[in-house]
**Q** 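What follows is a single structure, and I will ask about it in a moment.
Remember, predicted model here, so these are calculated numbers, not experimental data.
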Amino acid sequence: MKIPLSWISQYTNISPLLSEQGAKPLAHLYSIHTAEIDGIEKIGLEDKVVIAKVISTRPHPDSDHLNLVELDCGLLGALGIVCGAENVRTAKYVAVALVGAKLGAEQDFEIKSSKIRGEVSEGMICSEDELGLQEERAHGIMQLERHFSEELLESKLGTPFYALEVAIPGNGTANYSFPLKDTVFEIDNKFITNRPDLFSAEGNAREFGAIFSLPFTPYNGKLPTISGKLSVQIESPNVLSYELISVENIQAGISPLGIDQMLRKSGIAPKYDLVDITNFIMTELGQPMHAFDADKVVGDVTVRQARDGEIIIALDSKEYTLTSKDVVIADGEKVLAIAGVIGGMSSAVSETTKNVYFEAACFDPVSIRLTSQRLAIRTDSSMRFEKSLDPTLARRALPRVFDLLKFLGKNGTCTGAFSYLDTTKVRDISITTDLAFVEKKLGLKISKERAEDILTRLGFEVSFSNLETVQKGSNSSANREPEWVVRSQYDEWGSGDLSSKDEFFQSFSVKVPSWRVTKDISIKEDLVEEIGRINGYEQVPNTPITGPFSIAEKNTSIELRNSINAYFSAERFFETYNYSFSNQNKDALVGYADDSNAVHIQNAFNVEYTMMRRSMVPNLLEATAENLKQQKDFAFFEIGKIFERLGENKFTEKKSLTGVLVGSDIKTLRTVLDGFLRAILPGMGFSVEQGVIAPLTKGVVADRGIFHPNKSGRYVIENETIISFGSLHPGVAESFGLSNANVLLFEVDYQKLSHYFATASHTFAEIGKFPGITRELNFVFSETTPVSTVIAKIASVSPLLSNFSVVDEFRDSVKIGEGKKSISFSFLIQDLTKTITDEEALAIQEKIIKKLEGEGIELRK
């Protein structure tokens, strides 16, 4: 989020620090202590934009729309400028960019002296957008008297425009003034899910105060006494707190420049002031709010679950259909807003609004996130609710509404209020630990004073006591702490190397503030982290690791994964990572028409992801179809988990290896898979069978597999299928839009592969010093005889044989006979003691032929 440092300074005055150190060093220090600063934006850098008084205006003699303007720039003297804005004729005070001034976000637009239709113009009278005060194009020049007193402007003639100060309601009784010149930090808190307080100016100011040891003053507004009671029905369990007040006789208008600029610099476009109030409070205190036009609300307000099929036209002018999983704010006739996400047009504040309901609430974060994702609506409000807001914040932020109304001069009447808090959802956490624990975890001695100062500045309540006073061994319920209280034990670190016994006994109890208990601080290690990060991680000394060390056993699981990655990467396969989710329609395309064994997702946020995947094939084929739009030849592999329901509350998950090869033939895939098994399971024999092959996963598509019946096969080790491969079945290819592509698929039984990889015994032999002779023989034998069996028979002929491989295979019922295959084998004949001769090699070759012919395996003629 974007936070102007002027807003931070309202709570923690960092202006002197900014002047002394500069924005970049300040951003760096904040980044290493709390959250990264993504960007720095400086506003109002140009001092050559000054305040001027309009002395006279007259029409340009050669133009019907230009004006010749004479200006008084104080000590800078008089100035003549040609200006085309119509409202310059009624303006009294303006902002003028002098010659040499550079405007624009990048300061790339330089003002120069020029002649416009024969008249000299010594500068430019600026509009709000030219001054960087707004993004949209202004209709004319900025008339300063509309925002500042004429007495003030008269005294500032010729001085820098950006030094002018504007005001917002102060954190107390007086207004808070700040210059237009400002620095904005963009804080990367998008992925910090445990720190909702960092989504506010106040929360970030608290961090600045802790990091730089500066005074911090939290907002402590007081809610006025409200006698009237509003009738509100809370009918949803997803409501943690709900505050509603009714204010009458307040006319909607435009916000003053101070509020306008704070919102714009924070990345929020101002609307009507009654709406700006809610955005102002959300940005300042982190509490999302909403304003309803009370005259458009019929009957009582009800917070409930939506009814399936209910429709709302939201503030973005889009129509949304709701389900019973969504929380809504409704009246007696209609839905007013999607709770925590977006308001509705039917109750929107407009220029005619006079009576308003102001709402502040806290909703269940999971419910808001699911609704936001399902409807694809991402708002500043939903983003904050998703982070688990403090339920008590709504009540604390409500007085700020009255501060702003008073500041705006709106003396409306508060006619009623409603307050609700689900106390069962409010956590109250206290943690007890000791300095010895902090020292042991950080490797750094932290004094009592330093630890107390850090935690206190962060809003924790700290009290030190002697650990000896804690009664030990008591099991009575009267002395038992609640389950969320963490207690250090007397002897927990008694054997540690402590710097002093007194320090060991220095325990302290910490009460966690409400804005840190929702999902952040719950154990004593969390307190150590707070102390460590604010104290500075760079303070932690470099300490050698001590203790007994031993070489860990080889992790075959990691080794197998690395070997697979190395092999397929070398073969130019790209590894993919797909979601572990699927849905019934997608699974049905690869044979899972029945979802009885599927693991369904209860809180599915998207119709595309309703169950855990039972096969990796669908997602991989979708990725293949997507990549075919860009290229025609590529290969993917993926290692992931597949999931299956075995029964009531019984589930299984197992690893799977699946891959695709696009734009190549089956022979290329065979070469890749042959090499894969030889690389992963060296020395282990395998055979290849061709035919109608069922996939390893259990889906069956209309009594057929996912492979083409005439272009598929399997690799077998010890009569078990370890790899299924082949071309896609035309029906499957068509379902995924792959009919016009040559897509080859393979599935590996990862469990069996892992078993053979872990249990295979590898023997090592000396590398031969003498050359060997490579020979090839082609044998014809039954289709049912495994290739591995034939290799084993060849190897048994002589110990000089090694390096067996299949070079080629051939099938033809006419040429070699029905039910037979012709396999060409390659092998090495090598003697480790001498150079082998051709005669010796020929003799071994003849023995091989004779042995195999004796077992019905013929040499192909």
**Q** Around atom NZ of K641, are there more than 12 heavy atoms from other residues, nucleotides or ligands closer than 6.0 Å?
**A**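 Atom NZ in K641 is not packed in, count stays at 12 or less.
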**Q** Around atom CD of E571, are there more than 12 heavy atoms of other residues, nucleotides or ligands at under 6.0 Å?
**A**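 Enclosed.
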**Q** Can you confirm whether N555 is buried at CG, in the sense that more than 12 heavy atoms of other residues, nucleotides or ligands lie under 6.0 Å from that atom?
**A**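 Yes, because the 6.0 Å sphere around CG of N555 holds more than 12 heavy atoms from other groups.
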**Q** Could you check whether any side-chain N or O of T379 sits under 3.5 Å from a backbone N or O of V341, counting only pairs where one atom can act as donor and the other as acceptor?
**A**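 Present.
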**Q** Parallel, tilted or perpendicular, judged at 30° and 60°: which one describes the rings of Y579 and F581?
**A**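 Because their plane-to-plane angle is under 30°, the rings of Y579 and F581 count as parallel.
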**Q** How far does CD1 of I368 sit from NZ of K387, to the nearest 0.5 angstrom?
**A**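 Atom-to-atom, I368:CD1 and K387:NZ are 12.5 Å apart.
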**Q** Between T371 and S367, is there a donor-acceptor pair closer than 3.5 Å when you use the side chain of the first and the backbone of the second?
**A** yes
**Q** Within a reach of under 6.0 Å around NZ of K334, are more than 12 heavy atoms found that belong to other residues, nucleotides or ligands?
**A** yes
**Q** Between atom CZ of F779 and atom OG of S824, what is the distance when rounded to the nearest 0.5 Å?
**A**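 Rounded to the nearest 0.5 Å, the CZ-OG separation comes to 9.5 Å.
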**Q** Check for a donor-acceptor pair, side chain of Q584 on one end and backbone N or O of Y592 on the other, with a separation under 3.5 Å.
**A**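 Between the backbone of Y592 and the side chain of Q584 there is a qualifying donor-acceptor contact (under 3.5 Å).
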**Q** Please report the interatomic distance OG1(T774) to CG(L828), rounded to the nearest 0.5 Å.
**A**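 Between T774 OG1 and L828 CG, I get 5.0 Å after rounding to 0.5 Å.
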**Q** For residues F736 and P618, report the shortest heavy-atom separation together with the two atoms involved.
**A** CE2-O, 3.6 Å
**Q** Please report the closest heavy-atom contact between L315 and H290, naming both atoms and the distance.
**A** CD1-CE1, 4.0 Å
**Q** Taking the inter-plane angle between the rings of F781 and F825 on a 0 to 90° scale, is it parallel (under 30°), tilted (30 to 60°) or perpendicular (over 60°)?
**A**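 Parallel.
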**Q** Does I313, at its CD1 atom, have more than 12 non-hydrogen atoms belonging to other residues, nucleotides or ligands within less than 6.0 Å?
**A** no
**Q** Less than 4.0 Å between a side-chain N and a carboxylate O, is that true for E644 and K654?
**A**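 Looking at K654 and E644, the cut-off is not met.
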**Q** Tell me whether the rings of F573 and F746 are parallel (<30°), tilted (30 to 60°) or perpendicular (>60°).
**A** perpendicular
**Q** State whether the number of non-hydrogen atoms from other residues, nucleotides or ligands found under 6.0 Å of F651 atom CZ is greater than 12.
**A** yes
**Q** Rounded at 0.5 Å granularity, tell me how far OG in S388 sits from CG in L240.
**A** 9.0 Å
**Q** Would you call E575-R561 a salt bridge at under 4.0 Å N-O?
**A**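 Salt bridge flag = yes for R561 with E575.
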**Q** Taking the side chain from Q751 and the backbone from K655, do they hold a donor-acceptor pair closer than 3.5 Å?
**A**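 Yes; judged by distance alone, with no hydrogens or angles, the pair exists.
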**Q** Between R378 and E386, does at least one N-O distance fall below 4.0 Å, as a salt bridge requires?
**A**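 Yes, this pair counts.
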**Q** Has Y567 got a side-chain atom pairing as donor or acceptor with V672's backbone, closer than 3.5 angstrom?
**A** yes
**Q** Could you state the interatomic distance from CZ (R775) to CG (L801), rounded to the nearest 0.5 Å?
**A** 11.5 Å
**Q** Any sub-3.5 Å donor-acceptor pair from S372's side-chain atoms to I377's backbone N or O?
**A** yes
**Q** Would you say NZ of K425 has more than 12 non-hydrogen atoms from neighbouring residues, nucleotides or ligands within 6.0 angstrom?
**A** yes
**Q** Can you tell me how far CZ of F199 sits from CD1 of I192, rounded to the nearest 0.5 angstrom?
**A**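 Answer for the CD1-CZ pair, I192 versus F199, is 7.0 Å.
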**Q** Assess whether a salt bridge exists between R613 and E622, defined as any Lys/Arg side-chain N lying under 4.0 Å from an Asp/Glu carboxylate O.
**A**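 Judged by the 4.0 Å cut-off on N to carboxylate O distance, R613 and E622 do not form a salt bridge.
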**Q** Is it true that a side-chain atom of S266 and a backbone atom of I268 form a donor plus acceptor pair closer than 3.5 Å?
**A** no
**Q** Check the surroundings of atom CD in E734: do more than 12 heavy atoms from other residues, nucleotides or ligands lie under 6.0 Å from it?
**A**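 12 or below, so no.
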